[in-house]
Amino acid sequence: MLACCAAMLIMASAFMTDVPDLIRGMLVTTNETSGTFVQTKTMPDGRSFVSRGTYRIRPGVDFEWRTVDPFETLFLATQKSYIYTNEDERVERQLKDLRGYAMFADAAKGDFSSFFKAFDALYKEEDGGVFHLLAKPKEARLAKLLSRVEADGTVTNWTLRAQFPDRTVFEIRFTDATCCTTSR
């Protein structure tokens, strides 16, 4: 199914040069967004590891990613720092020291140019607000680490999938409890 969608994207689309309105609304919302996630890591040998939790985004305030199963962890980022905690440790650092932070800071401001410099991306939107995104790294350095990124679904129920060169796959299913409405 996914390969069929990717093939249709390739045939029907040119590479994206800007973020579509539906996706932009999800990414630059000014309202609080929260929900649940199920993250699955599938190894090349077929073994899978599943974790579950919640997330909350308060634009201009903080971002919280809380794992509750199989064990509790918390990643909390404010505008200046981040904290990661689990049962064994607590790490607190300045965001500016986090590798790649500048790219995320620009995206939070609505500037996605770093994404388009790093990836060739195809996009398709269907009736009912269903979207499909396929992105592959342009840069050789990034391509050594990441094969492709895909996103499929609606703004309140979607899946993000990253595939790595060794065939490891990370899949995160998001179910929003609040919707992503941009205040203008």
Side-chain angles (χ1 to χ4, degrees), residues 1-42 48 50-60 63-67 75 77 100 103-139 142-143 145-165 167-184:
M1 171 77 178
L2 193 53
C4 180
C5 287
M8 290 185 333
L9 282 169
I10 291 167
M11 291 186 300
S13 305
F15 287 122
M16 292 171 53
T17 58
D18 197 11
V19 177
D21 289 341
L22 181 66
I23 303 298
R24 182 175 293 281
M26 289 172 59
L27 298 175
V28 295
T29 182
T30 56
N31 295 330
E32 182 175 322
T33 304
S34 62
T36 61
F37 69 86
V38 176
Q39 178 178 302
T40 305
K41 177 181 181 181
T42 304
S48 292
V50 178
S51 60
R52 292 172 174 74
T54 62
Y55 62 90
R56 181 178 66 176
I57 302 167
R58 296 186 306 169
F63 165 74
E64 179 182 293
W65 184 268
R66 183 179 302 271
T67 303
F75 178 85
M103 184 175 80
F104 293 107
D106 291 344
K109 297 174 194 167
D111 178 359
F112 302 100
S113 59
S114 293
F115 173 81
F116 293 107
K117 287 178 188 169
F119 291 93
D120 282 326
L122 300 171
Y123 179 80
K124 180 180 179 190
E125 198 170 302
E126 299 175 20
D127 291 337
V130 176
F131 65 87
H132 307 280
L133 173 78
L134 169 63
K136 290 189 173 188
K138 287 186 203 182
E139 300 176 347
L142 184 57
L145 304 172
L146 182 65
S147 298
R148 65 192 299 144
V149 176
E150 303 168 40
D152 295 284
T154 65
V155 294
T156 59
N157 189 1
W158 61 286
T159 301
L160 177 66
R161 190 174 302 103
Q163 183 174 333
F164 298 88
R167 296 186 355 250
T168 297
V169 176
F170 275 93
E171 180 177 285
I172 307 172
R173 287 182 299 158
F174 296 93
T175 304
D176 287 359
T178 58
C179 191
C180 314
T181 306
T182 304
S183 298
R184 296 186 196 260

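Atoms considered below: every heavy atom in the structure, side chains included; atoms not considered: hydrogens, waters and symmetry mates. For reference, positions follow the sequence shown, starting with 1. None of the values given here were measured: they were computed from a predicted structure.
Evaluated for a side-chain contact (heavy atoms from CB on, under 4.5 Å) with Arg161, the options Val169, Leu134, Val149 yield exactly one hit, Val169.
In this structure a side-chain-to-backbone donor-acceptor pair under 3.5 Å is missing from Lys41 to Ser51.
Between Thr42 atom OG1 and Phe164 atom CZ the span is 11.5 Å, to the nearest 0.5 Å. Here the straight-line distance linking atom CZ of Arg56 with atom OG1 of Thr33 works out to 11.5 Å at 0.5 Å rounding. Atom CD in Glu139 sits 11.5 Å away from atom CG in Leu146 (nearest 0.5 Å). Once rounded to the nearest 0.5 Å, the distance linking CZ of Arg52 with CD of Gln39 reads 11.5 Å. Between the CH2 atom in Trp158 and the CZ atom in Phe131 there is a gap of 6.0 Å [rounded to 0.5 Å]. Rounded to the nearest 0.5 Å, atoms CD (Glu126) and OG1 (Thr154) are 11.5 Å apart.
Annotation for Arg173: atom CZ does not count as buried by contact number, only 12 or fewer foreign heavy atoms lying within 6.0 Å. Open room surrounds CZ on Arg167; 12 or fewer heavy atoms of other groups in view lie less than 6.0 Å from it.
Between Thr159 and Glu171 there is a side-chain heavy-atom pair separated by less than 4.5 Å. Contact of the Lys138 side chain with the Lys117 side chain is not registered, since no non-hydrogen atoms from C-beta on lie closer than 4.5 Å.
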For Thr67 and Phe37: C-alpha separation, side-chain torsions, deciding distance, then whether side-chain contact (heavy atoms from CB on, under 4.5 Å) applies. CA-CA 9 Å; Thr67 303; Phe37 69 86; 3.9 Å; yes
Could you go through the side-chain contact (heavy atoms from CB on, under 4.5 Å) check for Arg58 and Glu64 one step at a time? CA-CA 9 Å; Arg58 296 186 306 169; Glu64 179 182 293; over 6 Å; no
side-chain contact (heavy atoms from CB on, under 4.5 Å) between Phe174 and Ile172: does it pass, once the steps are laid out? CA-CA 6 Å; Phe174 296 93; Ile172 307 172; 3.5 Å; yes
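Phe112 pairs by the ring-ring contact (aromatic ring centres under 6.0 Å, His included) definition with nothing, not counting sequence neighbours. Considering only residues two or more places apart in sequence or on other chains, Thr168 meets the side-chain hydrogen bond (donor to acceptor under 3.5 Å, both in side chains) condition with Asp166.
Residue Asp152 comes nearest to Leu133 through the heavy atom pair OD1-N, 4.4 Å, listed as atom of the first residue, atom of the second, then distance. Taking each heavy atom of Ala143 and Pro165 in turn, the nearest pair found is O-CG, 3.7 Å.
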